[in-house]
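Let me begin by presenting the structure, written as structure tokens, before commenting on it.
Remember, predicted model here, so these are calculated numbers, not experimental data.
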Amino acid sequence: MADSSAFVVKAPFKDSPTGDCILQTPDGTHFVVHRLVLSLASQVWNDMFSLPQAPEGSSITRPIIPVEEDPETLEALLTMVYPLPPPRIKSYDQATLLVQACDKYFIDVSQLDNILHKVLRTTAALEADPLGVYALAWRLGLDDETKEASRYTHHLNLKDPKVKSDLIRRSGSVNSLLALWDLRLQREAALDEL
């Protein structure tokens with residue numbers, strides 16, 4: 001009996017007759033993809049596919065390439081790089097995994113701002129991980145979301161080396177820490193004027 005919780009691969013990544021490669025997630029889910037599309041979207045994929053492949057006439061028709069991403073993240077990533085409607089990202093955790101996958105394959109994250117806008121404004125995400133939401137919004141250049149998330153970080157000690165290091169690692173820039181300090185000081189000054 002099949003596992004009812006197994007991920008269901010949808011078109012165009014399920015048994016595509018024109019696909020020439022299979023990406024396999026750690027749980028064994030297969031995505032049939034096109035090397036050309038991946039090569040155009042990512043220099044990492046381009047470089048990988050430029051390496052010698054199986055010789056002509058070999059029994060391997062579609063090479064299987066293991067990837068580390070879970071099926072949901074890989075589907076969202078592939079949906080981004082194929083000429084398809086944008087993926088629907090339903091949680092902050094999924095957004096974070098997608099950004100990490102984009103970083104891994106050197107895929108431009110700037111196109112994610114419209115996709116992740118709503119997720120980064122949810123109260124659940126802001127309360128669960130305000131520093132993470134701030135860092136992600138900062139990376140994507142989402143000014144309104146960055147300011148909103150900064151309001152939820154007041155309980156954090158920005159002088160704590162662990163907090164500073166975590167923010168810089170997650171945002172990819174020390175400037176995010178400086179901007180967070182600035183936003184905090186602006187709010188404190190506004191409160192002082194009341």
Next on the checklist: How about CD on Gln43, more than 12 heavy atoms from neighbouring residues, nucleotides or ligands closer than 6.0 Å, or not?
Outcome noted: yes

Next on the checklist: How about NZ on Lys147, more than 12 heavy atoms from neighbouring residues, nucleotides or ligands closer than 6.0 Å, or not?
Outcome noted: no

Can you tell me how far the [atom1] atom of [X] sits from the [atom2] atom of [Y], to the nearest 0.5 Å?
| X | Y | atom1 | atom2 | answer |
| --- | --- | --- | --- | --- |
| Asp93 | Leu98 | CG | CG | 12.5 Å |
| Leu40 | Arg35 | CG | CZ | 14.0 Å |
| Leu78 | Phe31 | CG | CZ | 6.5 Å |
| Arg62 | Cys21 | CZ | SG | 9.5 Å |
| Leu131 | Leu167 | CG | CG | 5.0 Å |
| Asp70 | Glu75 | CG | CD | 10.5 Å |

Please tell me if the side chains of [X] and [Y] come closer than 4.5 Å, counting only heavy atoms from C-beta onward.
| X | Y | answer |
| --- | --- | --- |
| Trp181 | Lys159 | yes |
| Tyr134 | Leu183 | yes |
| Met80 | Pro87 | yes |
| Tyr105 | Val81 | no |
| Val67 | Gln24 | no |
| Thr146 | Leu140 | no |
| Val33 | Ile22 | no |

Non-hydrogen atoms of [X] and [Y] that approach each other most closely:
| X | Y | value |
| --- | --- | --- |
| Thr153 | Ala149 | CG2-O, 3.5 Å |
| Leu112 | Cys102 | CD1-SG, 4.0 Å |
| Ala128 | Pro130 | C-CD, 3.9 Å |
| Leu84 | Pro12 | CD1-CD, 3.9 Å |
| Val133 | Tyr92 | N-OH, 3.5 Å |
| Pro71 | Thr25 | CG-OG1, 3.7 Å |

Item to check | Residue of the set Leu77, Ile65, Leu23, Asn46 for which side chain to side chain contact (heavy atoms under 4.5 Å, CB included) holds with Leu38 | outcome: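 Single pass found, and it is Leu23.
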
[X] side chain to [Y] main-chain N or O, any donor-acceptor pair under 3.5 Å?
| X | Y | answer |
| --- | --- | --- |
| Thr122 | Val119 | yes |
| Ser42 | Ser39 | no |
| Gln94 | Lys90 | yes |

Next on the checklist: Going by salt bridge (Lys or Arg N to Asp or Glu O under 4.0 Å), name the pairs with one or both residues in residues 184-194, residues two or more places apart or in two chains.
Outcome noted: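 Those involving residues 184-194 do not exist here.
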
Under a single-linkage definition using a 4.5 Å side-chain heavy-atom cutoff for Ile, Leu, Val, Met, Phe, Trp and Tyr, are [X] and [Y] assigned to the same hydrophobic cluster?
| X | Y | value |
| --- | --- | --- |
| Val99 | Leu126 | yes |
| Phe106 | Leu97 | no |
| Phe49 | Ile107 | yes |
| Val109 | Ile115 | yes |
| Val32 | Ile64 | yes |

Checklist entry - Are Asp166 and Arg170 close enough for a salt bridge, meaning some N to O gap below 4.0 Å? => result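 Yes, this pair counts.
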
Checklist entry - For the residue pair Phe13 and Tyr82, is the inter-centroid distance of their aromatic rings smaller than 6.0 Å? => result yes

Next on the checklist: Test of understanding: with side-chain hydrogen bond (donor to acceptor under 3.5 Å, both in side chains), list the residues that count as partners of Lys104, not counting sequence neighbours.
Outcome noted: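 Checked Lys104 against side-chain hydrogen bond (donor to acceptor under 3.5 Å, both in side chains); matches are Glu69.
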
Item to check | Derivation of the side-chain hydrogen bond (donor to acceptor under 3.5 Å, both in side chains) call for Ser173 and Ser171 | outcome: CA-CA 5 Å; Ser173 172; Ser171 69; 5.4 Å; no

Checklist entry - Can you list the steps and then say if Asp103 with Arg139 is a side chain to side chain contact (heavy atoms under 4.5 Å, CB included)? => result CA-CA 11 Å; Asp103 286 345; Arg139 270 184 87 178; 2.4 Å; yes

